Amino acid sequence: MAPPNNQKRVKGVQIHRPFIYGSTAKLFSEDNPKPPGTPPDHTHSWTVFVKGVDDTDITYWCKKVQFKLHESIPNPMRMIDDVQPGGAFEVHETGWGEFEITIKIYYVPESLEKPQTLYHHLRLHPYGQTEEEKEVMRKGPDIRSWIYEEQLFNEPYNEFYDILTSPMDRGKGGGKGTRVMKGGMVGSVGERTASIPLTTRPDQPFSRETEKIEINRLEEAQVKVKELMEKFGDELREKETELARLKAKYPDVQLKR
Ligand code: SLL
């Protein structure tokens, strides 16, 4: 689509902005009582959201978010134009079942970008690959399914590029300079950046630390895969040698395939 003005794309530039989307669900209990008027078959309260990592502002690139809920829920299309005080575009609901939520992200008009769709499976029950993982979740205060994602702006239009990289409005006392921010995030104060916290804290699971752990896990898995490939390669070669030996020994025997 041609832009409605004479803007140009900034060539060779890619800007990424980290964000989180996902859901948090809680079983109704004494600590989480049912709000009055909740249908009797509803068992959980839940929230689906899109927000910045470490609660950083994303509204300079994300204008609004539409959440498409299950058709059994009244008014399933929810357009959220404003962030909550914590900085999240979010929907709170109650219900009894899990389903796929369609999340449509609308960018600020200056971006001249079309909206983008993500899909999120609402989790109400403990999940994971192993019983152990589920058990950890059972003990937790709620069921979280949070995804770290990076929004990539490829060759943004110049006006949007300026918005993406311009200093933040920090109100009184905001200044420039590098310092370690809340949660150990290193960044230039007053600049919109793609930095994420150095360390993990409760409610802020995505950090350089998490990234390092994930990289180690992948590296270990890579070593394991290599070992297994060598092992099976050796076994295969042994079997092929054995087959050749048997074929030479019994030349008249036909192989059944
Ligand atoms: C399915 N997974 O495949 C189920 C659908 C729908 C959940 C789950 C209803 C809430 C309401 C609710 O929790 N729906 O009545 O407001 O069919």
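This one's a predicted model, so the numbers in the text were calculated from it and none came from an experiment.
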Enquirer: Decide yes or no for Glu209 and Leu198: does some side-chain heavy atom of the first lie under 4.5 Å from some side-chain heavy atom of the second?
Expert: no
Enquirer: Between Gln204 and Val53, which heavy-atom pair has the shortest distance, and what is it?
Expert: OE1-C, 4.4 Å
Enquirer: With a 3.5 Å distance limit and no angle check, can you tell me whether Glu159 reaches the backbone of Glu110 through a side-chain donor-acceptor pair?
Expert: no
Enquirer: Contact between Val65 and Phe49 at the side-chain level, heavy atoms closer than 4.5 Å - yes or no?
Expert: no
Enquirer: Under a 3.5 Å cutoff, is there a donor and acceptor pairing between the side chains of Ser23 and Trp146?
Expert: no
Enquirer: Between the main-chain N or O of Lys104 and the side-chain N or O of Gln66, is there a donor-acceptor pair closer than 3.5 Å?
Expert: no
Enquirer: Is Ile73 linked to Ile101 within one hydrophobic cluster, defined over Ile, Leu, Val, Met, Phe, Trp and Tyr using a side-chain heavy-atom separation of less than 4.5 Å?
Expert: yes
Enquirer: Will you find, in the side chains of Ser207 and Thr200, an N or O donor that is under 3.5 Å from an N or O acceptor?
Expert: yes
Enquirer: How far does CD1 of Ile196 sit from CZ of Phe19, to the nearest 0.5 angstrom?
Expert: 13.5 Å
Enquirer: So, do Glu155 and Val13 sit near enough that their side-chain heavy atoms are less than 4.5 Å apart?
Expert: no
Enquirer: When clusters are formed by joining ILVMFWY residues with side-chain heavy atoms under 4.5 Å apart, either directly or through shared neighbours, do Tyr127 and Val48 land in the same one?
Expert: no
Enquirer: Ignoring hydrogens and geometry beyond distance, is a side-chain donor-acceptor pair present between Tyr107 and Gln151 at under 3.5 Å?
Expert: yes
Enquirer: Measure up the Phe99 and His70 rings against each other and bin them: parallel (under 30°), tilted (30 to 60°), perpendicular (over 60°).
Expert: tilted
Enquirer: Hey, are His121 and Glu98 close enough side-chain-wise for a donor-acceptor pair under 3.5 Å?
Expert: yes
Enquirer: Should Glu227 and Lys224 be marked as a salt bridge (charged side-chain N to carboxylate O under 4.0 Å, His left out) after you check the CA-CA gap, both sets of side-chain angles, and the distance that decides it?
Expert: CA-CA 5 Å; Glu227 278 170 13; Lys224 196 156 193 178; over 6 Å; no
Enquirer: Please indicate whether Glu235 has more than 12 foreign heavy atoms, meaning atoms of other residues, nucleotides or ligands, lying under 6.0 Å from its CD.
Expert: yes
Enquirer: Treating Arg17 as the side-chain partner and Leu164 as the backbone partner, does any N or O pair qualify as donor plus acceptor under 3.5 Å?
Expert: yes
Enquirer: Between Asp142 and Arg144, does any side-chain N to carboxylate O distance fall below 4.0 Å?
Expert: yes
Enquirer: Measure the spacing between CG of Leu152 and CD of Gln116 and express it to the nearest 0.5 Å.
Expert: 9.5 Å
Enquirer: Do Glu242 and Lys239 sit within salt-bridge range, that is, some charged N less than 4.0 Å from a carboxylate O?
Expert: no
Enquirer: Charged N to carboxylate O under 4.0 angstrom, Glu211 versus Arg208?
Expert: yes
Enquirer: Check whether any side-chain heavy atom of Thr117 sits under 4.5 Å from a side-chain heavy atom of Thr102, and report yes or no.
Expert: yes
Enquirer: Search all heavy atoms of Val10 against all heavy atoms of Tyr157 and return the closest pair with its distance.
Expert: CG2-C, 4.4 Å
Enquirer: Can you tell me how far the CD1 atom of Ile15 sits from the OG1 atom of Thr165, to the nearest 0.5 Å?
Expert: 5.5 Å
Enquirer: Hey, quick one: are Ile147 and Ile58 part of the same hydrophobic cluster, counting side-chain heavy atoms closer than 4.5 Å, chains of contacts allowed?
Expert: yes
Enquirer: Nearest 0.5 Å, what's the NZ-CG distance between Lys231 and Leu236?
Expert: 12.5 Å
Enquirer: Suppose we call two aromatic rings close when their centres sit under 6.0 Å apart. Are Trp61 and Phe160 close by that rule?
Expert: no
Enquirer: Kindly give the heavy-atom pair with the smallest separation between Cys62 and Ile105, and that separation in Å.
Expert: SG-CG2, 3.9 Å
Enquirer: Can you tell me if Asn154 uses its side chain to pair, donor with acceptor, with the backbone of Gln14 under 3.5 Å?
Expert: no
Enquirer: With the side chain counted from C-beta on, respond yes when Phe28 and Pro35 share a heavy-atom pair under 4.5 Å apart, and no when they do not.
Expert: yes
Enquirer: Just by distance, do the side chain of Lys34 and the backbone of His42 share a donor-acceptor pair under 3.5 Å?
Expert: yes
Enquirer: Without swapping roles, check the side chain of Thr47 against the backbone of His92 for a donor-acceptor pair under 3.5 Å.
Expert: no
Enquirer: For a quick test of reading the model, state the closest non-hydrogen atom pair linking Lys51 to Gly87 and the distance between them.
Expert: CB-O, 3.8 Å
Enquirer: When you compare the side chain of Lys212 with that of Asn216, does any pair of heavy atoms fall below 4.5 Å?
Expert: yes
Enquirer: Any salt bridge between Lys226 and Glu230, counting N to O under 4.0 Å?
Expert: yes
Enquirer: If you measure from CZ on Phe67 to CG on Leu118, what distance do you get to the nearest 0.5 Å?
Expert: 9.5 Å
Enquirer: Is it true that the NZ or CZ of Lys64 lies under 6.0 Å from the centre of Tyr106's six-membered ring and within 45 degrees of the ring axis?
Expert: yes
Enquirer: Do you know the tightest heavy-atom contact between Ala25 and Leu124?
Expert: CB-CD2, 3.7 Å
Enquirer: Passes side chain to side chain donor-acceptor pair (under 3.5 Å), Asp57 versus Thr59? Steps please.
Expert: CA-CA 6 Å; Asp57 178 38; Thr59 58; 2.6 Å; yes
Enquirer: Identify, with sequence neighbours excluded, every residue that meets salt bridge (charged side-chain N to carboxylate O under 4.0 Å, His left out) alongside Glu131.
Expert: Lys134, Arg138
Enquirer: Would you say the side-chain atoms of Thr94 and His44 include a donor-acceptor pair closer than 3.5 Å?
Expert: no
Enquirer: Taking Glu113 first and then Arg9, would you say they form a salt bridge - that is, a charged N and a carboxylate O separated by under 4.0 Å?
Expert: yes
Enquirer: State plainly whether one hydrophobic cluster holds both Met137 and Leu122, where clusters connect Ile, Leu, Val, Met, Phe, Trp and Tyr through side-chain heavy atoms under 4.5 angstrom apart.
Expert: no
Enquirer: Shared ILVMFWY cluster between Trp46 and Leu27, side chains joined below 4.5 angstrom?
Expert: no
Enquirer: Taking ring pair (Phe, Tyr, Trp, His ring centres under 6.0 Å) as the definition, give me every residue that meets it alongside Tyr161, ordered by chain and number, with sequence neighbours left out.
Expert: none
Enquirer: Not counting sequence neighbours, list each pair that qualifies as a salt bridge (charged side-chain N to carboxylate O under 4.0 Å, His left out) and has a residue in residues 79-95.
Expert: Arg78-Glu93
Enquirer: Do Asp234 and Phe232 come within less than 4.5 Å of each other through their side chains, counting heavy atoms only?
Expert: no
Enquirer: For the residue pair Tyr148 and Tyr21, is the inter-centroid distance of their aromatic rings smaller than 6.0 Å?
Expert: no
Enquirer: Please round to the nearest 0.5 Å and tell me the distance separating atom OG1 of Thr241 and atom CZ of Arg245.
Expert: 10.0 Å
Enquirer: At their closest point, which heavy atom of Phe206 faces which heavy atom of Pro197, and how far apart are they?
Expert: O-CD, 3.5 Å
Enquirer: Just do the salt bridge (charged side-chain N to carboxylate O under 4.0 Å, His left out) check on Asp54 and Arg201 with the steps written out, would you?
Expert: CA-CA 9 Å; Asp54 207 27; Arg201 287 174 293 124; 2.5 Å; yes
Enquirer: Decide if atom NZ of Lys63 counts as having more than 12 heavy atoms of other residues, nucleotides or ligands within a radius under 6.0 Å.
Expert: no
Enquirer: Is any side-chain heavy atom of Ile143 less than 4.5 Å from a side-chain heavy atom of Thr24?
Expert: no
